[in-house]
Amino acid sequence: MYCVYCMVQVRRESLVTSMELARMVGVTPSTIYYYTVLGLLHVRQKRGNRRLYDLRQAKKHLKEVRRLQQEGYSLTLIRNKINGKGSAG
């Protein structure tokens, strides 16, 4: 899709694979998968065997996970915080 006003190509949604997301944020694809299983990250779409994540949302959640881990929270409490089911800080 092109922006008619600025004449550049614009992506409607920024969807990335777990491999791309891992590379962008500096973790392993296994970490992305584990966080998905725990409910810390949410798959936006699936195409075949590929999980696609909304880049903006995933980066936001990963940043929050790292911050809360540094503060000493367990992944369970972090999941509850991210999913709005409790308070962790």
Side-chain angles (χ1 to χ4, degrees):
M1 176 172 140
Y2 282 89
C3 174
V4 209
Y5 302 105
C6 52
M7 301 304 286
V8 294
Q9 190 169 6
V10 179
R11 290 179 75 180
R12 188 169 282 182
E13 284 185 280
S14 292
L15 297 177
V16 294
T17 65
S18 56
M19 184 72 75
E20 292 169 327
L21 178 60
R23 193 176 312 122
M24 289 176 182
V25 298
V27 299
T28 65
S30 297
T31 300
I32 300 297
Y33 176 75
Y34 183 62
Y35 285 1
T36 302
V37 170
L38 289 179
L40 295 168
L41 292 174
H42 304 286
V43 175
R44 179 68 176 238
Q45 275 183 22
K46 284 185 98 175
R47 289 189 191 147
N49 289 334
R50 291 183 168 200
R51 294 174 186 87
L52 299 176
Y53 299 85
D54 177 277
L55 180 59
R56 182 177 292 163
Q57 180 186 36
K59 284 175 113 177
K60 177 183 166 190
H61 283 189
L62 287 167
K63 183 177 180 181
E64 185 73 359
V65 168
R66 286 180 183 155
R67 183 184 70 79
L68 291 170
Q69 278 183 316
Q70 288 176 348
E71 292 179 14
Y73 290 98
S74 71
L75 290 176
T76 301
L77 287 174
I78 294 170
R79 178 187 63 214
N80 292 341
K81 167 74 172 159
I82 286 176
N83 294 324
K85 296 179 184 172
S87 62

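Below, all heavy atoms of this structure are taken into account, side chains as well, without hydrogens, waters or symmetry copies.
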Working to the nearest 0.5 Å, report the span between [atom1] of [X] and [atom2] of [Y].
{"X": "Leu15", "Y": "Leu21", "atom1": "CG", "atom2": "CG", "answer": "11.5 Å"}
{"X": "Thr76", "Y": "Leu38", "atom1": "OG1", "atom2": "CG", "answer": "7.0 Å"}
{"X": "Tyr73", "Y": "Lys81", "atom1": "OH", "atom2": "NZ", "answer": "8.5 Å"}
{"X": "Ile78", "Y": "Gln69", "atom1": "CD1", "atom2": "CD", "answer": "5.0 Å"}
{"X": "Arg79", "Y": "Leu68", "atom1": "CZ", "atom2": "CG", "answer": "13.5 Å"}
{"X": "Tyr34", "Y": "Leu40", "atom1": "OH", "atom2": "CG", "answer": "8.5 Å"}

Arg23 and Glu20 ion-paired at < 4.0 Å = no
task = Please report the closest heavy-atom contact between Ala22 and Pro29, naming both atoms and the distance.
result = CB-N, 3.6 Å
ask   = Any idea which heavy atoms bring Tyr53 and His42 closest together, and the distance?
value = CD2-O, 3.5 Å
ask   = Should we say atom CZ of Arg66 is surrounded by more than 12 heavy atoms from elsewhere, each under 6.0 Å from it?
value = yes
task = Please examine the side chains of Val16 and Leu52, heavy atoms only from C-beta on, and report whether any two atoms are closer than 4.5 Å.
result = no
Heavy-atom check, side chain of Met24 versus side chain of Leu55, under 4.5 Å = yes
key: Chi angles and distances behind the salt bridge (Lys or Arg N to Asp or Glu O under 4.0 Å) call for Glu71, Arg67   = CA-CA 6 Å; Glu71 292 179 14; Arg67 183 184 70 79; 2.7 Å; yes
